[in-house]
Amino acid sequence: MSRDSARGYCQYNICRGERNYSCFSSPDFYSSLGLEDFLSVGDTSGAEEDTDLAILYGTLRGSVVGLRYYTGIVNNNEMVALQREPNNPYDKNAVKVNNVNGDQVGHIKKELAAALAGIMDNKLALIEGVVPYGAKNAFTMPVQMSFWGREENKEAVLDQLKRHGFKLAPPLKVGSECGFGSKWISGRAGPSYSAPVHAAVQLTTEQLKSEFDKLFEDLKEDDKTCEMEGAEAVGTPLLPHQKQALAWMVSRENSNDLPPFWEERSNFYYNILTNFAEKKRPKNVLGGILADDMGLGKTLTTIALILTNFQDSKPLPVEKITSDKFYELMEVVKLTNVFFNLPTTSASSYNCFMSIIHLAALENFQTTVVSYLQYQVTTYGPSSHLGGEVKRNPNSNCFCYDQFEQHIHQDFRVNIYVYYGSDRSKDPSVLSEQDIVLTTYNILATDYGVSDSPLHKVRWLRIVLDEGHTIRNPNAQQTKAALNLEGHRRWVLTGTPIQNSVKDLWSLISFLKLKPFTDREWWHRTIQRPVTMGAPGGLGRLQSLIRSITLRRTKTSKVKGKPILELPERKVLIQHVTLTEEERQIYQSVKKEGKAAISRFFSEGTVLAHYADILGVLLRLRQLCCHPHLCINASSSFSADNKTSEELPETLVSKMKLVLSSGSDEECAVCLESLTLPVITRCAHVFCKPCIFEVIRSEQPNAKCPLCRNELRVEHLVECPLEEEIDSSNGKKSDREWISSSKINALMHALVELRRDNPTAKCLVVSQFTTFLSLIENPLKESGFAFTRLDGSMAQKKRVEAIHCFQSSQAGSPTVMLLSLKAGGVGLNLTAASRVFLMDPAWNPAAEDQCFDRCHRLGQEHNVVITKFIVKDSVEENMLKIQNKKRELAAGAFATKKPSASEVKQTKINEIKALIDL
DNA sequence: ACCGCCGGGTGCC
DNA sequence: ACCGCCGGGTGCC
C-alpha cells in the first residue's frame, strides 16, 4: 500500500509567532538567525545563570503586605517566590510575593522592596522566601528571606541593603526549603535552623555523575519487572526487557497515583517539598522518561505502547486487513471517492479513506505526536549563510517513518503521517485523522505561535519526544513549543538523561508537567540546589523523583539473571595497504609540500590562523590514501604562494568549506565530537552551531574564538551544510578514465574472497568520501556484485528502498552496501550485514563506532567482522594513533573535566604535528 | 493654636 | 488593624 499520506504538508513557512522580547531592541535579528535558542533573549529570570556557584549570603526577615487584595494563600512554612514588578504604577520598586502555584499573595513592604529592587534587577542575588508563620493573617505576614549569589556579588548586596538600613543575619541557619536532613520524608519541612551551611559542600562533577548513575543502578528487581505482551498489531516480537518496559509504560499511563512528593491530607493535597497545599488533586504525568541505553529498543517499545494502550490497556482500534475485509474496503473506497469527489485511481484517495475509518474509530481522540530529532536533518540556509532564507530539507524523515512501518504488523493499517509544518492551504483537521503524527522539534518550534498550527491545536492522546535530551535549553523555542503541546500522556525517550549535571533533567521534568517543577525556581530550590550543595536528603529526593517516573536499563543490565542483550561478537581488524609506486610518488610530493607549508606556519606561529589550510593538506593526504582521483585540486594552493601568512578571511572560509564538503568527518573543538550543523568563523575555524553559540552567549558581549581568540561575531559565522545534506552532483565522475587504487584492490580482493567463502554474506563498505564510493561502484559491477548505496545526498524514497533492498534475505538481493560514514541516523538498522569494510579512518573514533553499531545491534545474528583499511606510512597510521589516544582518554576519564580551551588548542597543535610527522 | 490633643476614617504596592 | 498614620476638629482649669 502506498504511504503517500506520509508526505504531508510540503510547504515550510517560517512563522515566528508572537513573542515579546521587550528587553531586546531587535528580536527579529536574533530570531532570524535562530539565535533565540542559544542566547537567553528576553529571559527575565536571570541570576540563575551559574546557580551552582551560588552561596548563601544570609537571611532577613521582612513582611508581606496587602494580603487582603489577593487570592493566593500560603501555609506556614510554605515557600514563596519573590518577583519584581517594575511596572507597578504605585512603586517602581514593587516586589510581588507569589505562592508555589504562582498566585499572588501580596507585596513586599515598600521600604524593603526599595532595597531589594536593585539587587534583583541587577541580578546580584537570588532572593527566596518562606513564610514561617502567620500564614492565616488578614493583612500582613512575615517572610523569611534567603539571599543567594556568587561570592563576588556579596559585598554589593550587603552594601545595598545597608544603605536602606537592613542587615542580613549570618547564614548560620538554613531555611526549610533545602530540607537538609531527611525530614522531607515526613513532610512538614518546618524551618530547620540547625544545620550549618558550611556542611553543604559542593559535589564535584565526577561525584555527581557517579551519584546519578547510582540513581538508576540501584533499581532492584521491583515493580518494573512485570512483563506485558504487545498488541497483535505489533509486528516485531518483543524481548523480555521490552515487555517489561511496555508493562511499566502502560501502568504509568493508566495510573491514578499522585505525582511524586504529593500527599493527601484531610481533603487537601500537600506538596511535601514546598508545603504548598490545594484542594484540587494535582495531575500526575501519565508517562515519564524511558531512558534505556541506545540500542535497547526504546522506539520499538513506544510503538508497542501506542498500539497496545489506547484506553484502559485496550489496543488502538486499527483495522485488521483480511482478504474479505480488503474486498469490503475496496467497495467503500469507491463510495468514499464518489463522496469526496476524489480520483478513484490515486493512492492518496485510498489513504484518505483509511483516515476516515480511524477517525470514526477514534471518536474524539487524537493520538500521538512523536517528535523526532533522531532522524532529523535540521534546517539550513541555501546560501549557507546564517540568517539567509531558511529552507527545509523535504526528505528528512525517512527513517523514523520506516521504523514505524517496519514494527507494525503488515496486516494492520495504522495511519502514520509525517508533518512538515503548517500550510494554510490545507485543512488542519488532517492531523486529527491520524493515528500517529511524526514531526521534528524544529517544525514543532516553527509552528509554535502560528495561530492556526494544527500541531498546537490538537488535543493529543500521547506526546512522545524521541531523543528528548536534546530539549536541554530551557529558553529554546523548541522546548517551549514541546511544553505547550496539549496532551496528558507524555513521554521522553533518551539514552542519556543526564549528560553533565542535574540541570539536564529539568527540561525533561518540565516537559512532563510535573507540579511544581515546571517552574524552574521550585525545581531549583527543592531538588537541584540540595543535590549540588550536597545536602543530605537532596540526592534522596532526586532519586525518588527519578525512580517514580523513569525506567533505565543499560546494555549491561540483566533481566531475570540474564544479560539484557546478547550481541554476537564483534572484531575489528586492521588491514594495512601499501601504495603503489605512482601513488606513493603523488602522496609524497603533496606531503612534502604540505609539510613545508605547515612547518612554516609553525615557525611563524600562525598554525591556528592557517587551520583551514592545514585541514586541507591533511584532507588531500587522506584522500590520496584512498584514490588519486579523490583529490580534485591536488595542485596545492601553496605552490605559487608568495603572499604573507595573512590570508583573506573569505579565502580561508572557502577553503574550510571545501574540506567540509568533501565529506570529511571533522571535529568541533568545543564539544570534541563530530560536527553537527557546522559553522565556520571568520578566522576559519569550524564548530557546531549550538556549541559556538553557547560560547558567544556566555562570553558576550566580547566573545572570542576558542581556538585562536580572534573576535567572534554572529554576523560573521557562515553555516556550512555537511556533505550529505547537499545534493551532491554525482554526475561529474566520468571526467576521467576510471582507474583502480591500492585500497580499492585490497577491498575487492577481500570482497571476492568473502563471496567465495560465503556467497550470501552481506557487507557494508564505508567511506567518508562519497566520490570514493562512486569510484568503488565500477569494480563492483565488473566483478558482478549486486550492491546498493546509501548516502546523505539521496532522496528519502531512495534511501528507504536501498535499506529495504539490502536488508532483504531474498536470493539476488544486494550483498554489498556502499555507505557514507555519516549517512542516516542513529536508528538506522543494517543488521543484514555481518562484515564492515571501513575504507578510511575518521578523526573521531566514536563516529566509526556509531557506524559499526548500525549492523552490530539488536537483530544481528552473526559475529561481526570489521576491517579497517589503513595505508602504511601515511597520515592514516598517524590518525589511528590519535584515535587510540582518544579512546584511552575516553575510557579512563569517564568523569574527568572537559579540557580547557587552551588545552584543546595545544592538543590540536600536537595532533597536527603528529599527523604530518613534524 | 504657625501648637498639642482628641477621636474618626482608614489601610499594599 | 485590639495597630499606625492621616488630617479635621478643637482648645483654661
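By convention in this document, chain letters (A, B, ...) are assigned in the order of the sequence lines, proteins followed by strands, and residues within each chain are numbered from 1.
- Comparing dC6(C) with dA1(C), their C1' atoms are spaced 15 Å from each other, to the whole Å.
- In terms of the side chain to side chain contact (heavy atoms under 4.5 Å, CB included) criterion, residue partners of Thr140(A) (sequence neighbours excluded) are, by chain and number, Val65(A).
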Interface polar pairs with nucleotides 8-13 of chain B, N/O, under 3.5 angstrom:
{"unit_1": "dC12(B)", "atom_1": "OP2", "unit_2": "Tyr69(A)", "atom_2": "OH", "d": "2.2"}
{"unit_1": "dC12(B)", "atom_1": "O2", "unit_2": "His107(A)", "atom_2": "ND1", "d": "2.8"}
{"unit_1": "dC12(B)", "atom_1": "N3", "unit_2": "Tyr70(A)", "atom_2": "OH", "d": "2.8"}
{"unit_1": "dC13(B)", "atom_1": "OP1", "unit_2": "Lys110(A)", "atom_2": "N", "d": "3.1"}
{"unit_1": "dC13(B)", "atom_1": "OP2", "unit_2": "Lys110(A)", "atom_2": "NZ", "d": "3.4"}
{"unit_1": "dC13(B)", "atom_1": "O3'", "unit_2": "Asp91(A)", "atom_2": "OD2", "d": "2.5"}
{"unit_1": "dC13(B)", "atom_1": "O2", "unit_2": "Asn88(A)", "atom_2": "ND2", "d": "3.1"}

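- Lys704(A) pairs by the side chain to side chain contact (heavy atoms under 4.5 Å, CB included) definition with Glu699(A), Arg709(A), not counting sequence neighbours.
- Here the C1' atom of nucleotide dC5(C) and the CZ atom of Phe139(A) are 15 Å apart, to the nearest Å.
- Cation-pi geometry between Arg490(A) and Phe511(A) is satisfied (NZ or CZ under 6.0 Å from the ring centre, within 45° of the ring normal).
- Screening residues 65-116 of chain A for ring pair (Phe, Tyr, Trp, His ring centres under 6.0 Å) gives Tyr70(A)-His107(A) as the qualifying pairs, with residues at least two apart or on separate chains.
- Of the nucleotides present, none pairs with dC2(B) by Watson-Crick or G-U wobble criteria with both distances under 3.5 Å.
- With sequence neighbours left out, Lys515(A) forms a side-chain hydrogen bond (donor to acceptor under 3.5 Å, both in side chains) with Asn101(A), Glu278(A).
- Rounded to whole Å, the separation between the C1' atoms of dC13(B) and dG8(B) comes to 26 Å.
- Considering only residues two or more places apart in sequence or on other chains, Asp121(A) meets the side chain to side chain contact (heavy atoms under 4.5 Å, CB included) condition with Arg84(A), Ala117(A).
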